[in-house]
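Step one of this worksheet: look at the structure below.
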Amino acid sequence: MDLGKISRMKEQKNKSLIEVHIAVLFFGLAGLFGKLILLPSLVIVFGRVVFASLFLGSILLLKKQSIRLEKGKDYCYFIILGFILALHWVTFFLAIQMSTVAIGLLMFSTFPVFVTFIEPVFFKYKICMKDIVIAVITFFGVSFVMPEFKFESSITQGALWGILSGFTFAILSILNKKYVGKYNSIVISFYQDLVATLLLLPLILVLKPIFQTKDVIFIAVLGIVFTGIAHTLFINGLKNVKAQTASIIASLEPVYGILATAIIIGEIPSLREIVGGIIILATTSYATFKTK
């Protein structure tokens with residue numbers, strides 16, 4: 001093979017690896033906005049999907065790509081996906097606001113375990129003993145992260161919201177598999193963000209939130225940079241990066257998020273959270289690689 005061609009391939013692969021790392025870093029930093037924006041999680045998510053759908057819609061318009069779906073039932077399916085996405089992000093920010101960024105991110109990181117249990121239901125195959133062992137070890141790690149099990153505690157409530165966030169993301173990931181080969185990923189994301197916007201709009205009209213200039217700027221950055229651009233970078237990176245490699249990098253999302261939070265707002269995880277986080281990330285990473 002031509003040495004020049006090999007060199008160009010290596011450059012493209014390195015560029016793609018950087019794109020995936022930046023995307024995962026952005027995904028991890030998104031949780032930080034739950035602390036920076038002093039608004040209800042539902043309002044934050046509404047702003048996020050508004051700006052994300054506008055950005056992704058602009059990308060599709062510039063690329064002159066059609067957003068028309070092939071079948072009428074696909075529109076109904078995307079409405080369901082948009083609802084689950086909205087629920088996932090609302091519970092995610094609730095987890096962070098009621099506890100800490102570290103706890104919110106680590107509880108969300110349990111989603112691969114939910115995937116291993118939900119996938120057999122959708123694709124009709126048996127759950128093996130390894131999956132049960134993984135689940136037990138993961139939730140042993142969860143018990144480390146949660147300092148107490150009192151339901152009146154905001155930390156406990158935040159952790160439970162985080163687990164629900166992971167559960168809803170697992171469902172979203174599995175349902176997305178049906179269309180990921182049929183439609184462009186940006187088209188799928190655009191529809192999900194747009195549907196989430198339309199579903200949340202009536203609730204926002206009832207809440208009538210008061211936005212400060214700082215809040216609008218943060219929400220715009222969250223929606224455009226840490227959602228729209230991050231998703232676009234991740235998709236571009238997958239062109240030259242193996243799915244398994246991308247999964248390994250994606251497991252760094254809570255690590256990036258926790259480190260950034262410690263540096264920016266000084267929220268340092270406790271020793272229990274670090275130990276529990278290592279257990280959770282180790283077992284969920286194994287579950288992800290096994291699935292791949």
Side-chain angles (χ1 to χ4, degrees), residues 23 26-58 78-111 154 157-173 175-176 186 188-232 234 253-254 257 260-261:
F26 283 175
F27 290 142
L29 287 172
L32 180 61
F33 287 83
K35 295 294 186 182
L36 296 176
I37 303 171
L38 302 178
L39 288 169
S41 61
L42 193 146
V43 178
I44 296 174
V45 173
F46 175 74
R48 181 180 192 176
V49 293
V50 166
F51 283 104
S53 56
L54 287 172
F55 174 80
L56 293 172
S58 300
F78 276 108
I79 290 172
I80 295 171
L81 291 176
F83 171 76
I84 297 173
L85 177 71
L87 183 60
H88 158 61
W89 274 341
V90 169
T91 53
F92 175 69
F93 282 109
L94 265 173
I96 286 170
Q97 290 180 332
M98 298 191 73
S99 56
T100 65
V101 174
I103 289 176
L105 285 169
L106 290 172
M107 295 300 102
F108 158 69
S109 296
T110 59
F111 79 85
S154 63
Q157 291 174 23
L160 293 174
W161 282 118
I163 292 171
L164 181 57
S165 171
F167 175 73
T168 51
F169 187 76
I171 294 175
L172 186 68
S173 300
L175 295 179
N176 268 330
I186 296 180
I188 295 172
S189 298
F190 167 73
Y191 268 106
Q192 289 179 11
D193 287 322
L194 180 62
V195 168
T197 298
L198 297 175
L199 291 175
L200 292 174
L201 181 58
L203 298 174
I204 297 300
L205 294 176
V206 172
L207 288 175
K208 296 178 181 177
I210 298 173
F211 294 94
Q212 296 182 0
T213 304
K214 181 190 74 172
D215 295 329
V216 175
I217 293 171
F218 278 149
I219 290 173
V221 172
L222 173 63
I224 295 171
V225 179
F226 295 93
T227 307
I229 292 177
H231 192 83
T232 304
F234 195 79
E253 179 181 334
T261 303

(message) One pair to check against side chain to side chain contact (heavy atoms under 4.5 Å, CB included): Leu172 and Thr168. What are the steps and the verdict?
(response) CA-CA 6 Å; Leu172 186 68; Thr168 51; over 6 Å; no
(request) Kindly state whether the ring of Phe27 and the ring of Phe226 have centres lying under 6.0 angstrom apart. (result) no
(message) Using side chain to side chain contact (heavy atoms under 4.5 Å, CB included), reason through His231 and Thr227 one step at a time and then give a plain yes or no.
(response) CA-CA 6 Å; His231 192 83; Thr227 307; 5.8 Å; no
(request) Taking the side chain as every heavy atom from C-beta outward, state whether Phe169 and Ser165 have any pair of such atoms under 4.5 Å apart. (result) no
(request) For residues Ser99 and Gly104, report the shortest heavy-atom separation together with the two atoms involved. (result) OG-N, 4.2 Å
(request) State the CD-CD1 distance between Gln192 and Ile79, to the nearest 0.5 angstrom. (result) 12.5 Å
(request) Hey, could you give me the CD1/CG distance between Ile224 and Leu56, rounded to the nearest 0.5 Å? (result) 10.0 Å
(message) Just so I know, are the side chains of Val221 and Phe33 near enough to count as touching, which here means a heavy-atom distance under 4.5 Å?
(response) yes
(message) So, taking the atom named CG in Leu85 and the one named CD1 in Ile188, what distance separates them when rounded to the nearest 0.5 Å?
(response) 12.5 Å
(request) For the residue pair Phe108 and His88, categorise the inter-ring angle as parallel (less than 30°), tilted (30 to 60°) or perpendicular (more than 60°). (result) tilted
(message) Return the CG to CG distance between Leu164 and Leu87, rounded to the nearest 0.5 Å.
(response) 6.0 Å
(message) Give me the atom names and distance for the closest heavy-atom approach of Ile44 to Gly34.
(response) CD1-CA, 4.5 Å
(message) Atom CZ of residue position Phe167 - does it have more than 12 heavy atoms of other residues, nucleotides or ligands inside 6.0 Å?
(response) no
(request) Looking only at non-hydrogen atoms, find the nearest pair between Leu29 and Ala260 and report the distance. (result) CD2-CB, 3.0 Å
(request) Please examine the side chains of Tyr191 and Leu81, heavy atoms only from C-beta on, and report whether any two atoms are closer than 4.5 Å. (result) no
(message) Quick check against the 3.5 Å criterion: does Thr261 have a side-chain atom that pairs as donor or acceptor with the backbone of Val101?
(response) no
(request) Work out which heavy atom in Gln157 is nearest to a heavy atom in Met98; give both atom names and the distance. (result) OE1-CE, 2.8 Å
List the atom pairs, with distances to 0.1 Å, where a side-chain N or O of residues 194-220 and a protein N or O form a donor-acceptor pair under 3.5 Å, not counting sequence neighbours.
residue	atom	partner	partner atom	Å
Thr197	OG1	Val49	O	3.4
Thr197	OG1	Asp193	O	2.8
Asp215	OD2	Gln212	N	3.4

(request) Please say which of Leu94, Ile96, Val90 ends up in a side-chain contact (heavy atoms from CB on, under 4.5 Å) with Trp161. (result) Leu94
(request) Please report the shortest heavy-atom distance between Ser41 and Phe93, naming the atom on each side. (result) CB-CB, 3.6 Å
(message) Please find the pair of heavy atoms, one from Glu253 and one from Leu105, that lie closest to each other, and give the distance.
(response) OE2-CD2, 4.4 Å
(message) Is the shortest side-chain heavy-atom distance between Pro40 and Val43 below 4.5 Å?
(response) yes
(message) Nearest 0.5 angstrom please: Ile103 CD1 to Ile163 CD1, how far?
(response) 10.5 Å
